2 protein chains.
Amino acid sequence: MAAFHSIEPPPLTESLVDLVAQRFRVLGEPMRIRLLDRLREGEATVGELQQALGASQQNVSKHLGILHAAGMVSRAKRGTSVVYTIADPAVFDICDQVCGGIRRQIAGLESILQTSLPA
Amino acid sequence: MAAFHSIEPPPLTESLVDLVAQRFRVLGEPMRIRLLDRLREGEATVGELQQALGASQQNVSKHLGILHAAGMVSRAKRGTSVVYTIADPAVFDICDQVCGGIRRQIAGLESILQTSLPA
DNA sequence: TGGCTACACAACCACATGCTTGTGCTAGAG
DNA sequence: CTCTAGCACAAGCATGTGGTTGTGTAGCCA
């Protein structure tokens, strides 16, 4: 377990690097971001998510399967439906940080525009 | 700017979702993770990064270009070399959180293995 | 000036991935 | 038992992306 401490920077193991990259790539699809954002409001069935995002049932199911395989959401059969829930709330902290980085970037761009376009 | 507040969950704008996804995808490549991890120790030239990762010069340069376009690293010409530096330290906080998520996941898997494999 | 080093850029190929179409499976309604 | 709704899985196509090869360019050095 000592290999996963990030306090003292150890040169990341190759397998750990792959795990991190894979996890990032799961979050690197707009559809999955939207699914997680919708699930932020609470649990939802596949049909509800499908209607909320305006996508095909198969596509929604596929992305939900990827999110489930990554351990970010959890399934639960309820009648004929399947209810999905956020399994790892830490995903939102990560998204917030990414949004923060984007916000800083945009702020920087705006300051440049304001200085170069005095009009 | 009100569109980027994440305190009260607003339904993410489509363009913002794409930005977030794109940013995640930049971090979704093992080579780029390794580059950032190496740059964590301090600035480095392309040649040093190339030797540290054991990759081709063109490939390293390509990934560095992507990281630079994403605003995560910054260039600086020094003689004939080009020195790269971490431009947005927040990336490491994100990586740490992802590592934390993986750690929790592995811990969960271990507990399952220990209960199902008493030997 | 000629050559060399260090790096970036562009074209190409191979592979991974997203979306659609088609289909199978399960649970409830009748 | 049959029918339907809800969902997951598999194949196929189109696109995006990583890696290599080849080449152009800028900055030293002799």
Side-chain angles (χ1 to χ4, degrees), chain A residues 12 14-15 17-39 43-85 87, chain B residues 14-15 17-39 42-85 87:
Chain A
L12 267 52
E14 186 171 353
S15 56
V17 168
D18 292 342
L19 278 177
V20 173
Q22 179 189 349
R23 203 166 176 83
F24 273 125
R25 235 180 336 190
V26 170
L27 297 174
E29 287 304 312
M31 178 84 61
R32 292 195 279 269
I33 296 286
R34 278 193 281 264
L35 283 170
L36 291 173
D37 184 55
R38 169 59 186 83
L39 288 176
E43 60 179 27
T45 67
V46 178
E48 292 170 349
L49 293 171
Q50 170 186 357
Q51 187 176 359
L53 301 190
S56 69
Q57 177 267 321
Q58 291 91 334
N59 199 14
V60 170
S61 179
K62 188 171 186 176
H63 285 294
L64 286 173
I66 295 176
L67 289 171
H68 181 253
M72 299 180 182
V73 299
S74 50
R75 312 187 203 225
K77 295 209 65 173
R78 182 178 303 172
T80 69
S81 301
V82 175
V83 178
Y84 280 87
T85 321
Chain B
E14 186 171 353
S15 55
V17 168
D18 292 342
L19 278 177
V20 174
Q22 178 189 350
R23 203 167 177 82
F24 274 124
R25 232 178 332 188
V26 170
L27 297 174
E29 287 302 313
M31 177 85 58
R32 292 196 278 269
I33 296 286
R34 277 192 283 263
L35 284 171
L36 291 174
D37 184 56
R38 169 60 186 81
L39 289 176
E43 60 179 27
T45 67
V46 179
E48 292 169 349
L49 293 170
Q50 170 186 356
Q51 187 176 359
L53 303 189
S56 70
Q57 178 267 322
Q58 290 89 337
N59 198 16
V60 170
S61 180
K62 188 171 184 175
H63 285 294
L64 285 172
I66 295 175
L67 289 171
H68 181 252
M72 300 181 182
V73 299
S74 50
R75 313 186 203 225
K77 293 208 68 174
R78 184 178 301 172
T80 68
S81 299
V82 176
V83 178
Y84 279 88
T85 322

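Letters go in sequence order (proteins before strands), and every chain restarts at 1. All figures in this text were calculated on a predicted structure; none of them were measured in a lab.
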## Note on the structure
Given protein heavy atoms under 4.0 Å, the one-letter contact record of nucleotides 11-16 of chain C, with B base, S sugar-phosphate only and - none, is simply ------
Sequence neighbours left out, cut at 3.5 Å: what donor-acceptor pairs do the side chains of residues 64-77 of chain A make with other protein atoms?
from, atom 1, to, atom 2, distance (Å)
A:H68, ND1, A:R75, NE, 3.3
A:R75, NH1, A:Y84, OH, 3.1

### Query
Partners of B:E43 by side chain to side chain donor-acceptor pair (under 3.5 Å), sequence neighbours excluded?
B:R78
### For atom CG of B:L67 and atom C1' of C:dA8, their distance in whole Å
15 Å
### Query
Over how many whole Å does the gap from A:Q50 atom CD to C:dT20 atom C1' extend?
13 Å
### Query
Which pairs, with at least one residue in residues 26-36 of chain B and sequence neighbours excluded, count as a salt bridge (charged side-chain N to carboxylate O under 4.0 Å, His left out)?
A:R25-B:E29
#### Entry: Nearest-nucleotide pick for B:V82, side chain only, options being D:dC7, C:dG18, C:dC7
C:dC7
### Task
List in chain and number order the residues that pass side chain to side chain donor-acceptor pair (under 3.5 Å) with B:N59, two or more places apart in sequence or in another chain; answer none if no residue qualifies.
B:H63
### Task
Starting at atom NE2 of B:H68, determine the distance to atom C1' of C:dC9, rounded to an integer number of angstrom.
15 Å
### Task
Report which part of the nucleic acid B:S81 touches: base, sugar-phosphate, or nothing (heavy-atom distance under 4.0 Å, all strands).
sugar-phosphate
### Query
For C:dC7, does either OP1 or OP2 sit under 4.0 Å from a side-chain N or O belonging to B:R75?
no
### Task
Could you note down all residue pairs passing side chain to side chain donor-acceptor pair (under 3.5 Å) where residues 47-58 of chain A supplies at least one of them, sequence neighbours left out?
none
Distances for protein N/O vs nucleotides 21-30 of chain D N/O pairs under 3.5 angstrom?
from, atom 1, to, atom 2, distance (Å)
D:dG22, O6, B:Q58, NE2, 3.3

## Note on the structure
B:V60 and B:A55 have their tightest heavy-atom pair at CG2-CB, 3.9 Å
### Message
Does a side-chain N or O of B:Y84 approach OP1 or OP2 of C:dA8 to a distance below 4.0 Å, or not?
### Response
yes
### Task
Measure from the side chain of A:H63, starting at C-beta and using heavy atoms only, and say which of C:dC19, C:dA8, D:dA8 lies closest.
C:dC19
